There are 2 protein chains.
Amino acid sequence: MYEVFFQKFNEKVKLTPTEELHIQQYLTPKKLRKRQYLHQEGDICKHIALVEKGALRSYVVDENGQEHITAFALEGWTISDLSSFMHEQVSSQNIDALEDCELVLISRTSHEELLTTMPKYETYVRILVTDAYVALQKRMLGMISMSPENRYKSFIELYPNIVQRVAQHMIASFMGLSPETISRIRSRINNPKP
Amino acid sequence: MYEVFFQKFNEKVKLTPTEELHIQQYLTPKKLRKRQYLHQEGDICKHIALVEKGALRSYVVDENGQEHITAFALEGWTISDLSSFMHEQVSSQNIDALEDCELVLISRTSHEELLTTMPKYETYVRILVTDAYVALQKRMLGMISMSPENRYKSFIELYPNIVQRVAQHMIASFMGLSPETISRIRSRINNPKP
DNA sequence: AAATTCTCTTGATTCAAATCAATGAAAATA
DNA sequence: TATTTTCATTGATTTGAATCAAGAGAATTT
């Protein structure tokens with residue numbers, strides 16, 4: 001039920017069986033149907049979710065009604081609107097399921113309690129966020145320094161599983177490009193200048 | 001000597017005078033002349049630096065020899081190559097002083113020791129990184145969803161002090177735009193369509 | 001099974017930022 | 001102070017991604 005959660009946890013911070021059982025009390029499983037929302041803008045983000053199975057995305061809608069995908073999450077990934085979750089602020093993000101999902105949720109109060117009572121949990125969170133920050137820095141560097149084509153190439157290298165499972169126009173949205181541009185980049189990659 | 005450091009620390013996690021003294025033992029002050037490096041690519045990043053006074057930038061140089069500024073840091077900000085610092089990997093970042101600086105440095109061993117012996121320090125780091133992550137997410141959202149002009153506008157709103165103290169072409173580099181484009185955006189803002 | 005909606009591709013056109021280039025002003029250096 | 005280098009501005013041109021548009025194939029819904 002929480003296999004992936006504890007596998008990921010143990011990769012960062014080693015837990016004893018007793019500690020695992022203790023943490024389990026704070027976790028709640030949740031299933032999501034494809035297209036179902038985990039979280040909608042306007043709400044305060046109530047959970048951090050770890051994906052045991054399935055795929056989700058988070059996105060914002062701008063003033064012109066255009067969607068911009070800000071993140072994907074597959075098995076083993078964690079997804080949330082941290083800004084809203086941390087500061088109990090109204091969220092501008094939406095999170096929904098791209099496939100049927102099995103999640104493990106940590107509520108805000110559980111999170112707080114674990115942080116204050118269990119140093120290993122805080123360590124886990126610190127490492128998790130640090131890794132996410134480093135990954136985002138890399139992505140940002142690509143944004144300011146690479147061409148769309150090279151950015152797409154490194155994306156498919158880094159996340160081949162996302163490319164396989166997620167619609168192409170969503171990857172375009174995630175990269176800040178039009179769907180047509182991604183389509184043309186792909187055909188350029190397959191037919192290198194004839 | 002460590003005023004800004006402890007001011008920032010206490011904003012996130014309240015310390016007693018005794019605790020401050022304890023942490024102080026792990027800190028080392030450092031002055032940097034303008035143009036001096038704190039850290040160069042190829043090295044393993046040895047410190048986290050908090051800026052007591054002055055301004056720094058970090059940047060990478062791509063295969064074409066072009067510089068891309070990835071971050072600025074003014075008074076009260078923290079700067080480092082976290083990826084290199086955390087994993088003791090060779091860094092691709094350079095960090096240098098844009099003005100004469102006074103810094104507070106935390107070495108890797110000090111950082112480790114504080115993390116394991118002082119829960120409040122780990123809490124501070126967790127909050128610091130989380131805030132940085134949230135800020136970077138906002139910047140990323142701007143990158144994929146906003147026009148260069150609107151991105152520049154929100155930049156000067158968010159960081160007016162950077163705009164005042166840092167050369168324009170560096171802000172261009174930070175935003176992934178050419179210096180000419182920033183110049184033209186500025187003149188458009190000042191002479192709104194005649 | 002039929003109808004509808006979604007998804008990707010391809011072509012033509014538009015538009016905005018990059019590039020190339022030149023100039024004057026300001027700052028750094030000798 | 002004179003000289004050199006860096007910096008910001010402005011104009012002309014090029015380039016590449018966005019937009020507009022149409023059509024074919026898949027997937028969903030009815």
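The structure displayed is predicted, hence computed values, not measured ones. Residue numbers begin at 1 in each chain, while the letters A, B, ... track the order of the sequences.
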Atom-pair distance (CD1 on B:Ile182; P on D:dC7), nearest Å: 15 Å

B:Arg35 has an atom CZ; how far is it from atom P of C:dA27, in whole Å? 16 Å

Rounded to whole Å, please give me the gap between CG in B:Leu98 and C1' in D:dT6. 15 Å

Pair A:Arg35 + A:Asp96: basic N to acidic O under 4.0 Å: no

Can you measure A:Gln66 atom CD to D:dT19 atom P for me and round it to whole angstrom units? 7 Å

Determine whether the aromatic ring centres of residues A:Tyr121 and A:Tyr26 are separated by less than 6.0 angstrom. no

From D:dT9, C:dC20, C:dA18, nucleotide with atom closest to B:Arg186 side chain: D:dT9

Take A:Glu180 and B:Leu177, find for each the nucleotide of DNA chain C with the closest heavy atom, and name the residue whose nucleotide sits nearer the 5' end. A:Glu180

In whole angstrom, give the distance that lies between atom CG of A:Asn190 and atom P of C:dT9. 9 Å

Between A:Asp131 and B:His87, is any pair of side-chain heavy atoms under 4.5 Å apart? yes

Measuring to OP1 and OP2 of D:dA8, would you say a side-chain N or O of B:His169 lies under 4.0 angstrom away? yes

May I ask you to evaluate whether B:Thr181 reaches the phosphate of C:dA18, defined as a side-chain N or O under 4.0 Å from OP1 or OP2? yes

Within 45° of the axis and under 6.0 Å from the centre of the six-membered ring of A:Phe174, does NZ or CZ of A:Arg139 qualify? yes

Considering only side-chain heavy atoms of A:Arg184, which listed nucleotide, C:dA12, D:dA17, C:dT9, is closest? C:dA12

Without decimals, in angstroms, what is the distance between A:Ile185 CD1 and C:dT9 P? 12 Å

Between A:Met175 (CE) and D:dA17 (P), how many Å, whole number? 11 Å

At under 4.0 Å between heavy atoms, what does A:Pro148 touch on the DNA or RNA strands: base, sugar-phosphate, or nothing? sugar-phosphate

In whole angstroms, the gap separating P of D:dA27 from CZ of A:Arg165 amounts to 17 Å

Listed nucleotide nearest any side-chain atom of B:Arg188, set C:dA21, D:dC20, C:dA17: C:dA17

For B:Ser145 and A:Asp62, test the side chains for any donor-to-acceptor distance below 3.5 angstrom and give the result as yes or no. no

By nearest-heavy-atom nucleotide on DNA chain C, the more 5' of B:Gly176 and A:Pro179 is A:Pro179

